[in-house]
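The block underneath contains the structure these notes are about, expressed in structure tokens.
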Number of protein chains: 2
Amino acid sequence: MIIVSTDGSCLHNPGGAIGWAWVNHAGGSASGGAPSGTNQIAELRAVLAAIEAHPGSEPLSVESDSIYAIKCASEWLPNWRRNGWRTSSGGPVRNLDLIRRIDQALTERPGPVRFRWIRGHVGDFFNEQADALAGAAAREARAAAAGTTDPSAEPVTGR
Amino acid sequence: MIIVSTDGSCLHNPGGAIGWAWVNHAGGSASGGAPSGTNQIAELRAVLAAIEAHPGSEPLSVESDSIYAIKCASEWLPNWRRNGWRTSSGGPVRNLDLIRRIDQALTERPGPVRFRWIRGHVGDFFNEQADALAGAAAREARAAAAGTTDPSAEPVTGR
RNA sequence: AGACACCUAAUGAA
DNA sequence: TTCATTAGGTGTCT
């Protein structure tokens, strides 16, 4: 069973630079950023990246402190596919592009994927590591957008 | 012309503690609470309290962000009195006791009363003040019901 | 079907 | 403290 913690960050939500990251509990991590977004987009991107980075048949457990991201990817997704992507109050589902990419990634992965919510800010080691990576990625994205830094852009993969 | 903003609150609607409040634009306010109810009951109690607290002949304008409360007290009330308190779909009118108390308060007041709907959550000063008072009253009622606080119960009147 | 309101929850930030 | 992002629900009427 592969276990991966994810987290997203958004500086000055909404509209600020965003960053996301995943950390495999057995080792390995990755992060990425974009010049603008929302906290929810960052959380969803983290989940999507975690799934895509761990293909194969081995069961995968994705952990996030975002109930929004966890429920989007698990319990709400099937309902939305059935009802034409409508919210309970009749409006359109937000961030639909990302949610559909998660849906597709789940369909394409031969092995099962589980989603688990973990509370944030209570000292969970891997959550805090993902948090730090996501925050750093967001700050890099902000600097890159400001043209302040060397353009060594985008996804960084760690050991 | 006396202008009074009203608001109601219900924690964990339905069934939670409720609070209600009115705020006179010229100064003065009051609030009260009960251990259980619905959001609509809280809104109706707020307008009832506002009417009863402002007797006399001077025209009174009652403002609320609840279309339900405003229409109950104005356009629906006369129809319901005529038709035996039946809803348009044939069912019984809910919260009838409160609605009849509002009817009576209106009848007894020598001066005219107007009802005006104002949109919520758009920064209206008096609406927000009433909202804060109603929320505080609901929280007090919950604490009192839990026996957590000193029993300095019920209606609070402000300057 | 529409409208308004009342919440609940988690996260992200300033 | 206060703001935003998002979802789920109920209370009530027409």
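To find a chain, count down the sequence lines: A is the first, B the second, and so on, and within it residues start at 1.
Nucleotide C:G12 holds its P atom 13 Å from the CD1 atom of A:Ile70, rounded to whole Å. Taking atom CG of residue A:Leu98 and atom P of nucleotide D:dA7, one finds them 13 Å apart after rounding to whole Å. At whole-Å resolution of the value, NE2 in B:His12 and P in D:dG8 are 16 Å apart. The CG-C1' distance, from A:Asp65 to C:G12, rounds to 9 Å in whole Å. When the P atom of D:dG8 is taken as reference, atom CD1 of A:Ile67 falls 13 Å away, rounded to whole Å. Note: CG (B:Leu11) to C1' (C:A5) measures 14 Å, nearest angstrom. Across the protein-nucleic acid pair, B:Ile18 atom CD1 and C:U8 atom P stand 15 Å apart, rounded to whole Å. When rounded to the nearest whole Å, the span between CG of A:Asn127 and P of C:A10 equals 15 Å.
For A:Arg109, the CZ atom is densely surrounded, since the number of other residues' heavy atoms within 6.0 Å is greater than 12.
Ring orientation note: the planes of A:Trp85 and A:Trp80 are tilted relative to one another, at an angle of 30° to 60°.
Taking 4.0 angstrom as the limit, B:His121 places a side-chain polar atom (N or O) nearer than this to OP1 or OP2 of C:C6.
Using a cut-off of 4.0 Å between Lys/Arg side-chain N and Asp/Glu carboxylate O, A:Asp65 and A:Arg119 are scored as not salt-bridged.
Looking at B:Asn83 and B:Arg86, their side chains never bring a donor and an acceptor atom within 3.5 Å of each other.
At a threshold of 4.5 Å between non-hydrogen side-chain atoms, the residues B:Arg116 and B:Ile118 count as touching.
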Revision key, fill the gap. Reading nucleotides 9-14 of chain D from 5' to 3' and marking B where a protein heavy atom lies under 4.0 Å of the base, S where only the sugar-phosphate is that close, and - otherwise, the string is BBBBSS

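The structure places OH of B:Tyr68 at 9.0 Å from CG of B:Asn39, a figure rounded to the nearest 0.5 Å.
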